[in-house]
Each structure stands twice: as structure tokens, then as C-alpha cells.
Number of protein chains: 2
Amino acid sequence: MVTVMAAPDAPRGRPRDSRAHQAILTATAELLAEAGYAATSIGAVAARAGVGKDTVYRRWSGKAELVYEAVFTQTEAVPVPDTGTLRGDLTVLLDALVREFTAPGAAAALPGLLADFAARPELRARIRSQFLAPAKSRLVELFERAVQRGEADPDLPVDLVLDTLAGAVFFHTGLLGEPAGPQLAAQLAAIVGRGIEAR
Amino acid sequence: MVTVMAAPDAPRGRPRDSRAHQAILTATAELLAEAGYAATSIGAVAARAGVGKDTVYRRWSGKAELVYEAVFTQTEAVPVPDTGTLRGDLTVLLDALVREFTAPGAAAALPGLLADFAARPELRARIRSQFLAPAKSRLVELFERAVQRGEADPDLPVDLVLDTLAGAVFFHTGLLGEPAGPQLAAQLAAIVGRGIEAR
DNA sequence: AACCATACGGGACGACCCGTATGGTTACCA
DNA sequence: TGGTAACCATACGGGTCGTCCCGTATGGTT
């Protein structure tokens, strides 16, 4: 009897090449920015990464999952600094959102990617739980401060406010392609911010 | 003398079958509702309409144009009734928007359709000039009444407000698939309406 | 009545992509 | 030294795309 329970999942066989993983993600991001979402096929990604298609399919189940990871992974959600006012906090949050949506790869990927997610029920649920989760936690934190100041109602429909903010930024910049700067964040904060202040 | 200038461009050759036009649009709308945007191919539409593919391509230059006409054509823009308050008017406008975005065909078509429009520069410009134009004219009318009542600033960024409303509805219902009723319109009107009232 | 231009349905075309095999090779572990 | 599994390359069957061509139908013009 030799090591009966030798590690539940002892890694047998040739281990995966860790460089391939990153090479694929990099190739995906580059292709998105250069050729757009539609032209970013699995085959094209594999060729650019110097990898067989098999190697891509072994790690991701499809184009939507791959693109999601390539674009929305290394964005660390910094907590919103306390500016002292609801509108100031909102401006900061929106500014980060605008920058995230207008990054070179994201701008090209978002419309097609969200359409793919929306079309498949099992992926659709992940829009809220993955795309929006970081922003929501920051929005909640921001609201709680505003409520403590008596600046906002405690029973706001947070999800709907978040959908409004994300929808506005996505529609304006992602779909219409309007130029987006800090000014956009300030204007949106003005429109939505005053709407949710306690009367 | 018999009609010397007999029409600058007298239609020569066999005239187009007017029934084919409507049959194609009907087949498109049905396929969208039943199978979704991705599965609504030109070939599938032609087969269902009992028509050759060429007959479709002779009338529309591509899938995006066809789907747009099939879904967003018979929506007549009723002017917003004067409810007496900005928020009341906004609620009516938003309610119409919600209904338009959640119609059986539109809900299935919008994400993919807008992604296709956004990906091609020549179509992207038409999002604002065609999708949003009817809603904008009503929003302007509604604002003018509010300004006359002293309820709103005369120098509001109308386009941005419209993008916010459309984006919120599209994101919430079209992408996330959240249930949409009159309550949604009222909540959005509350969030955005108070934000644009004159201080 | 003859002619001509165009639309018609139907089908074939080459190109592309998908997701899945199938080899021959390579790297790691026991 | 085997065993195992990932590596890359290539090929597969199935699908859609947009274009093109066929033979036919249908109208106006001469």
C-alpha cells in the first residue's frame, strides 16, 4: 500500500503551458482593438498567439467567455474616495465607469459581447453577477455614506440606479460612440445624482 | 403630343412583387421572436417567406437593415399628452419607450441589432438619427412645456438625457431581461425627472 | 405582335467560422 | 522507463455568408 490518497487530483501528464494562457489573452485583446468583436474568431486568436485552436478550447468554452476574461479581468475596483457629497462620490464612480467602458479593447468588444451574453440564458445572469458586481458594491458603499448624512433615502432601488448609470454610459459611449471625458461623468452625476437625493 | 416627358425614369422591366416585400418583413419578425437575432439569417428568412435570397438582397443591403425595418417601422410616435408636470410627462414617455423595447420581436432583436449598428460606422450614425429621433422630438416638446412652467432649465443637455433614458431602459430590459412594467417607467421618471428639475 | 428590361424562385459557388477529432511530439511524474 | 496528458498542426463535417447565374415570368415600349 503506497500513498493511497495521494492528493485528490495529482497533476498527471504534461502540465499546461502557463505562457500560452497569457499569450491567448493578449492576442485576444489586440485583435479586439484592431479588428473588432466580429472579426475576433477563435482561429484568428489561436494563430496570433502561436497556439493550436485546441489549446484555446481546452481553457475557454467559447468566444464570449474568452473575450470577457481578456477584457474585464485586470480591472481592480478601487473603493470610492469619500468626497463628502453624494454627487461628488457619484462623479468619481462614473468617471471610473467611463474609463473602463472606453478602454481600447472594451469599447470594441462590449456591444457584441453583451449581445452574446444577453442571447444565452446561462450567460445573461452573469451580466449582473460579474460585470456589475464590482460597481454595485461601490455604489452601495457610497449610498450608505449619503444616507448617514441624510442626503439620500435608505430605500433606494439600488439595482435600478446602477442599471441607469451603466446603461447611460454604455449607450452613450459604447453604442453611439460619443466622445467620453470627465465632463460626461460630471453631467451624468448631475442628472442622476439630484434625482436620488432625499427631498 | 402625347406625354413627351413620360416620367424621367419610367420603370422598365418587370415590377417588383409588392407581396414579397411584406412577406419578407413578416417572416423576419416571426423568426426574431421564435429563434432570436443570431438564428435569423437571410437564408432562413427567404425560405420562410417562400422567396429567393436574391429577392431579399435586392431590397435590403443586409441583415441589420432588414431587421431594423421589420421591427421599428409601424411604431407611430404619439405626442406626449400634457400631464401638467415634468415627471408626469416623463413617465408617459418612458412607458412608451418600455413598451417599444419589450415588444416580442424588439426584445429579441435589439441587443444584436444595436451591436451590428455600432460596429459599422455608416450604420452607427443612424442609431441617433433613426432609433432615437422620434423619442427626441417628444422629449424636446416635453421639455419646452416644463421650461415655460419654470420647472426645468432651458439649457439642458437633451441628447444626454435621452441617452440616459434609452440606455437605462435598454440595459435593464433588453440586456438584463428584467421584467418591465409601468412601475419601471415611474421609477425611472422619479430618478431622472427630479435630477433635471430647475433648482 | 415583337421586343426588352427587370424581378422572380432556385440553386451553386468559394470563403469563412465553428467545435471536434486525429496524429506526432513533448514534458512531467512515478 | 512507462504512462499520461498537453502541446501544435491539420483535417473534418456542418453551417452561414454574400454573390452569381440559370431559366422563367411579367410588365411597358415600339
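All values reported here derive from a predicted model rather than from experimental measurement. The figures that follow rest on heavy atoms only: side chains count, while hydrogens, waters and symmetry mates do not. Below, chains carry the letters A, B, ... as their sequence lines are ordered, and counting in each starts from 1.
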Are A/F72 and A/V67 side-chain neighbours, meaning at least one heavy-atom pair lies under 4.5 Å?
no
So A/G50, base contact, sugar-phosphate only, or nothing? Heavy-atom distance under 4.0 Å.
sugar-phosphate
Taking all heavy atoms of B/P111 and all of B/A107, pick out the closest pair and write down the distance.
CD-O, 3.6 Å
Between the base of C/dA7 and the side chain of B/R14, is there a donor-acceptor distance below 3.5 Å?
yes
In whole angstrom, give the distance that lies between atom NE2 of B/H21 and atom P of C/dG9.
14 Å
Within this structure, what is the OH-to-P distance between B/Y57 and C/dT6, rounded to whole angstrom?
23 Å
Between P on C/dA7 and CZ on B/R16, what's the gap in Å once rounded to a whole number?
5 Å
Round to the nearest Å and state the distance from A/R48 atom CZ to D/dC8 atom C1'.
19 Å
Measure from CZ on A/R19 to C1' on C/dT26 and round the result to the nearest Å.
13 Å
Could you check how far CG of B/D54 sits from P of D/dT19, rounded to whole Å?
9 Å
Quick check for you: among C/dC18, C/dC28, C/dT6, whose closest atom lies nearest to any side-chain atom of A/P15?
C/dC28
Quick one: do A/F171 and B/F171 satisfy ring pair (Phe, Tyr, Trp, His ring centres under 6.0 Å)? Show the steps, please.
CA-CA 8 Å; A/F171 202 91; B/F171 201 92; over 10 Å; no
Using a cut-off of less than 4.0 Å, is there contact between a side-chain N or O of B/T55 and OP1 or OP2 of C/dA7?
no
Could you identify the nucleotide paired to D/dC17, looking across every strand shown and requiring Watson-Crick or G-U wobble geometry with both distances under 3.5 Å?
C/dG14
Output the single nucleotide from D/dT16, C/dC8, C/dC17 whose closest atom is nearest the side chain of B/S41.
D/dT16
Return the value, rounded to whole Å, for the distance between atom CG of A/L31 and atom P of C/dC17.
11 Å
Which whole-number value in Å describes the distance from B/Y37 OH to D/dC17 P?
10 Å
Counting the atoms with a prime plus P, OP1 and OP2 as sugar-phosphate, which does B/K53 contact under 4.0 Å by heavy atoms, base, sugar-phosphate, or nothing?
base
Here's a test of your reading of the structure: between B/V51 and B/G13, which maps to the more 5' nucleotide of DNA chain C?
B/G13
Measuring from atom CD1 of A/I42 to atom NZ of A/K53, what distance do you get when rounded to the nearest 0.5 angstrom?
8.5 Å
Identified pairing partner of D/dG28, criterion: Watson-Crick or G-U wobble below 3.5 Å
C/dC3
Membership question, hydrophobic clusters at under 4.5 Å side-chain separation (ILVMFWY): are B/V147 and B/L156 in the same one?
no
For A/R59, report the nucleic acid contact type (base, sugar-phosphate, nothing); a contact means any heavy atom under 4.0 Å.
sugar-phosphate
Please determine whether any donor N or O and acceptor N or O are separated by less than 3.5 Å between the side chain of B/R12 and the base of C/dT6.
no
Start at the 5' end of DNA chain D and walk down; is the nucleotide closest to A/D17 or to B/S61 reached first?
A/D17
